[in-house]
Amino acid sequence: MILREPVESVVRREVGCTVTVCGWIRTARLSRTVAFAAINDGSCAQNLQVVFDRERFTDDSLSGLLTGACIKVLGEIVSSPGQEQAKELHATSLEIIGPVDDAYPLQKKRHSLEFLRSMTHLRPRTNTFASVFRVRHHLCLAIHRFFDDDGFYYIQPPLITSSDCEGAGETFQVTALPLTQVPLKDGAVDFSRDFFRMPAFLSVSAQLEAEPLALALGKVYTFGPTFRADPSDTRTHVAEFWMIEPEMAFFDLEDTMNLIERFMKHCVRYVAERCPDEVAFFQKHYEPGLTERYRTILESEFERITYTEAVETLASSGARFETVPRWGEDFSSEHQRYLAGEVFGKPVFVTDFPASIKPFYMRVNADGTTVAGVDLFAPVVGELVGGSQREERLAHLGRRAQEAGIDMETYRWYLELRRWGSAPHSGFGLGFDRMLMYLTGMENIRDVIPYPRAFGKMY
RNA sequence: UCCCCGAUAGCUCAAUCGGCAGAGCGGGUGGCUGUUAACCACUAGGCUGUAGGUUCAAGUCCUACUCGGGGAGCCA
């Protein structure tokens with residue numbers, strides 16, 4: 001067993017304690033009487049300064065103190081005369097566990113995020129990525145805690161599905177057929193000879209599978225990976241990402257907005273409490289407005305306007321848009337950012353969209369032309385959440401499905417939910433990785449995911 | 001997929017009108033008050049993304065391609 005104490009705990013130790021620490025050297029400095037190495041073991045944002053008395057350590061024994069090397073140090077906690085840290089470790093023994101050579105790519109200076117993207121195996125050793133992944137962990141737990149405390153059940157929908165969820169993007173097909181010799185029948189692929197005896201896909205949304213659980217357990221949520229084969233090559237898109245999809249029986253659209261707002265505030269508060277060092281780091285190096293962003297979310301009441309009001313606001317704003325906002329068309333990302341950023345300066349719920357631009361499962365409003373959908377737009381990043389009250393009336397759903405060209409046989413089970421014991425219910429979807437971007441200020445989704453899978457690239 | 005920008009030392013970048021390929025950091029060597037991305041000196045390190053073209057002369061201009069980034073669309 002390798003005994004060692006994490007830096008996160010060492011920095012809270014009393015002066016005089018003897019500890020063993022293992023970590024990677026971030027920077028090392030040698031002078032005549034003394035040498036310093038700042039080491040980090042990932043347990044926290046802080047480095048631990050280790051001091052080597054050069055009377056005790058020979059030049060040779062310190063020659064391995066290079067940026068990137070993994071070392072094990074036994075020493076005593078002493079108070080530090082330096083300005084940048086209260087305590088430091090006075091070394092009594094040093095072991096170079098993993099030496100480095102001069103080809104080690106990470107240096108004690110800033111690297112571009114693009115450069116670091118080319119080495120996903122080493123970038124977690126940088127302050128930036130270690131911080132991102134620590135916040136990622138805490139945000140995951142914040143989500144589970146929120147829903148557990150709120151009476152939700154965590155469910156696991158299938159990742160492999162038989163159908164393409166309407167309107168949610170391109171699917172990856174899953175097959176066990178030999179692609180070099182695909183079995184054919186009447187000129188088409190014979191899927192009856194595939195693994196599932198039918199075509200299969202990776203899930204693009206768990207919503208449809210979550211609804212039956214909500215209509216039995218009351219409140220449920222999913223939190224898992226989602227796959228999209230869209231050829232989207234942007235800083236907010238990847239092929240594999242994580243989504244949170246709560247689904248609630250006996251919730252109307254207003255209940256849903258209240259839930260989303262409470263949820264967002266909980267997550268922000270949780271991260272601010274658990275990761276103060278990381279938030280300060282991102283504030284300093286990436287997004288000067290980050291703590292202000294947190295404050296706005298925590299202290300403001302999110303704006304709520306209808307789609308029609310939003311279009312009018314945009315049209316009369318005097319701002320010049322590349323695409324003119326017109327009723328009946330979806331908002332472009334510049335519209336979303338303008339509404340949240342310029343008009344309100346805080347997150348804004350937009351509700352009641354034209355039925356023609358939304359999927360068949362959203363509940364038709366009394367006016368017959370709009371549906372009870374809601375999007376949450378945030379400053380800078382645009383759309384964060386998309387949700388709706390689901391159409392629970394069989395006749396309405398049947399009509400909308402037909403208009404949308406949905407194969408009724410495939411969705412028979414979905415219609416049957418409305419046939420037997422139907423109930424009003426609602427849900428929403430939230431891109432976890434995008435939320436992490438929002439909370440860290442990282443501007444490319446590929447920099448908040450350990451191993452991003454994107455169009456044309458497998459990092 | 002479309003539009004825009006970029007590619008020069010290991011990394012981050014500079015190179016004026018087309019005229020000798022540069023700096024900082026990192027590496028090595030030496031020096032040095034307990035330093036904080038330490039500092040000082042010296043040193044090694046280059047087929048300027050690839051393939052063509054224009055020119056007396058191309059890192060610089062033109063064409064194509066490759067790779068990277070940003071934006072649009074689609075979406076989370």
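Labels below follow one simple rule: chain letters A, B, ... track the order of the sequence lines, proteins then strands, and each chain is numbered from 1.
- Which of B:rC32, B:rG69, B:rA72 sits closest to the side chain of A:Arg117 comes down to B:rG69.
- The nucleotide B:rA7 finds its pairing partner in B:rU66, both defining distances of the Watson-Crick or G-U wobble pair being shorter than 3.5 Å.
- In the set B:rG70, B:rU35, B:rG69, the nucleotide with an atom closest to the side chain of A:Gln85 is B:rU35.
- Taking atom P on both nucleotides, B:rU55 is separated from B:rU8 by 28 Å, rounded to a whole Å.
- Closest contact between the side chain of A:His237 and the listed nucleotides B:rA37, B:rG69, B:rG73 involves B:rG73.
- Mapped onto RNA chain B by nearest heavy atom, A:His111 and A:Glu322 fall at different nucleotides, with A:His111 at the one closer to the 5' end.
- With hydrogens and angles ignored, the 3.5 Å screen pairs no side-chain donor or acceptor of A:Ser9 with any backbone N or O of A:Glu5.
- For A:Arg228 and A:Glu170, the salt-bridge test fails: no basic side-chain N is under 4.0 Å from an acidic carboxylate O.
- The phosphate of B:rU33 (OP1 or OP2) has a side-chain N or O of A:Arg32 nearer than 4.0 angstrom.
- With a cut-off of 3.5 Å on both pairing distances, the Watson-Crick or G-U wobble partner of B:rC61 is B:rG53.
- Nucleotide B:rG24 holds its C1' atom 11 Å from the CD atom of A:Gln107, rounded to whole Å.
- Remark: P of B:rC39 and NZ of A:Lys108 are 8 Å apart, rounded to the nearest angstrom.
- Candidate nucleotides B:rU1, B:rG69, B:rG34 were compared by shortest atom distance to the side chain of A:Asp233, and B:rU1 ranks first.
- For the pair A:Gly386 and A:Gly456, nearest-nucleotide mapping onto RNA chain B gives the more 5' position to A:Gly456.
- Out of B:rA72, B:rA37, B:rG69, the shortest distance to the side chain of A:Glu84 is found at B:rA37.
- Of all nucleotides listed (B:rG70, B:rG69, B:rU1), B:rG70 comes nearest to the side chain of A:Asn444.
- Ionic pairing of A:Arg390 and A:Glu247 is present here: one or more N-O contacts between side-chain nitrogen and carboxylate oxygen are shorter than 4.0 angstrom.
- For A:Arg274 and A:Glu278, the salt-bridge test fails: no basic side-chain N is under 4.0 Å from an acidic carboxylate O.
- When both pairing distances are held under 3.5 Å, B:rC39 makes a Watson-Crick or G-U pair with B:rG31.
- For B:rU12, the paired nucleotide is B:rA23, the pair qualifying as Watson-Crick or G-U wobble because both relevant distances are below 3.5 Å.
- Note on A:Pro231: a base of the nucleic acid sits closer than 4.0 angstrom, heavy atoms only.
- With hydrogens and angles left out, the side-chain atoms of A:Thr308 and A:Trp327 include a donor and acceptor closer than 3.5 Å.
- Distance from the side chain of A:Lys109 is smallest for B:rC11 among the nucleotides B:rG69, B:rC11, B:rG73.
- Distance from the side chain of A:Ser333 is smallest for B:rA72 among the nucleotides B:rU36, B:rA72, B:rC32.
- For the pair A:Leu106 CG and B:rU12 P, the interatomic distance rounds to 11 Å; values are reported in whole Å.
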